[in-house]
Amino acid sequence: MKNKLMFYMVTVGAALLTFIAFATSVSACLMGSYQPEEPKALRS
Amino acid sequence: MYLMEKVSNDISQKISAILECDKEQTEIIAYGALVLIQTSIAFILILIVGILLNVLYETVVISITAASLRKYSGGAHSASPNRCAVMGAIIFNTIALATNSFFSSANAITIVPFSAICFAFVYCILYRYCPVDSSNKPINNVEFKKRLRKKSFYVTSIFLIISILLMIFYYINYNHVLLYTIICISLGLVWQALTLFYPGKFITYLLDSLLIKILCLRRWQ
């Protein structure tokens with residue numbers, strides 16, 4: 001039960017981080033003044 | 001590699017191990033984690049300094065306005081995420097303090113022309129320079145560039161409409177905070193427009209260099 005809950009939490013976390021990465025990739029840069037190197041898969 | 005990048009890479013490695021993701025997916029998760037961590041730290045630092053200097057409201061309005069435009073217009077960049085966070089706190093709180101000192105007793109007669117000049121300046125700079133890319137995220141696609149340019153103008157126009165509405169509300173209930181908010185919006189946009197060309201890039205470079213030398217942040221990276 002605990003492992004199952006952990007798995008769901010990690011899945012939701014991964015989905016959230018992936019969403020943030022994709023949302024950032026369609027903008028010119030980050031909102032702050034540092035731009036990390038974008039992963040190749042996200043380059044347009 | 002910076003501390004924030006190490007932390008985001010660790011997070012993505014742990015998530016990937018549990019979900020059995022491939023290399024590409026791991027990189028995307030790490031990028032998302034870095035964006036989340038860096039943006040949160042930068043914003044929290046801006047808020048803390050804003051609270052300490054008693055200019056929280058101004059700082060929040062200015063930073064949200066500048067960040068909204070920056071998302072589509074791009075601009076000058078710091079070379080490290082730590083210095084970026086410190087620089088954001090310094091710049092936005094300095095603008096907030098200046099607003100607090102110079103415009104706390106300003107009236108509509110002075111604020112309307114001032115804001116009009118600010119918006120005209122922002123539109124001119126956007127027309128001339130937007131979007132500005134960086135070496136870590138070059139924008140080569142012409143269609144993407146056009147889309148970002150268009151969105152930058154949309155964002156500025158939305159803030160212009162908000163400012164006009166605030167001015168109308170001011171004439172209804174004479175609440176000085178509304179005028180103050182217009183000034184903060186205008187200055188947030190002006191700062192962001194400045195980062196698109198020489199003056200803003202120079203200030204960013206200067207602050208970045210000063211932070212390296214004075215605060216010895218190289219050790220902190």
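- Using a 4.5 Å cut-off between heavy atoms, B/A33 contacts chain A through both its backbone and its side chain.
- Across all their heavy atoms, B/E27 and A/P39 have their closest contact at O-CG, 3.7 Å.
- Residue contact with chain A, scored on non-hydrogen atoms closer than 4.5 Å, involves the backbone and the side chain of B/I28 alike.
- Listed for the A/K40 side chain is no donor-acceptor partner under 3.5 Å among the backbone atoms of B/E24.
- Considering every non-hydrogen atom in both B/F144 and A/S25, the closest pair reads CZ-O, 3.8 Å.
- Nearest heavy atoms, B/V35 versus A/I20: CG1-CG2, 3.7 Å.
- Annotation for B/D10: atom CG counts as buried by contact number, over 12 foreign heavy atoms lying within 6.0 Å.
- Contact annotation for A/F22: only side-chain heavy atoms (C-beta onward) come within less than 4.5 Å of a heavy atom of chain B.
- Annotation: the span from A/M9 atom CE to B/I18 atom CD1 amounts to 10.0 Å, rounded to 0.5 Å.
- Remark: the backbone N or O of A/S27 is paired with a side-chain donor or acceptor of B/K137 at under 3.5 angstrom.
- For B/S63, no part lies near chain A; criterion is any non-hydrogen pair under 4.5 Å.
- Neither the backbone nor the side chain of A/A15 has a heavy atom closer than 4.5 Å to any heavy atom of chain B.
- Note: A/L17 CG to B/I15 CD1 = 5.0 Å, rounded to the nearest 0.5 Å.
- Residue B/L148 touches chain A through its side chain alone, counting heavy-atom pairs closer than 4.5 Å.
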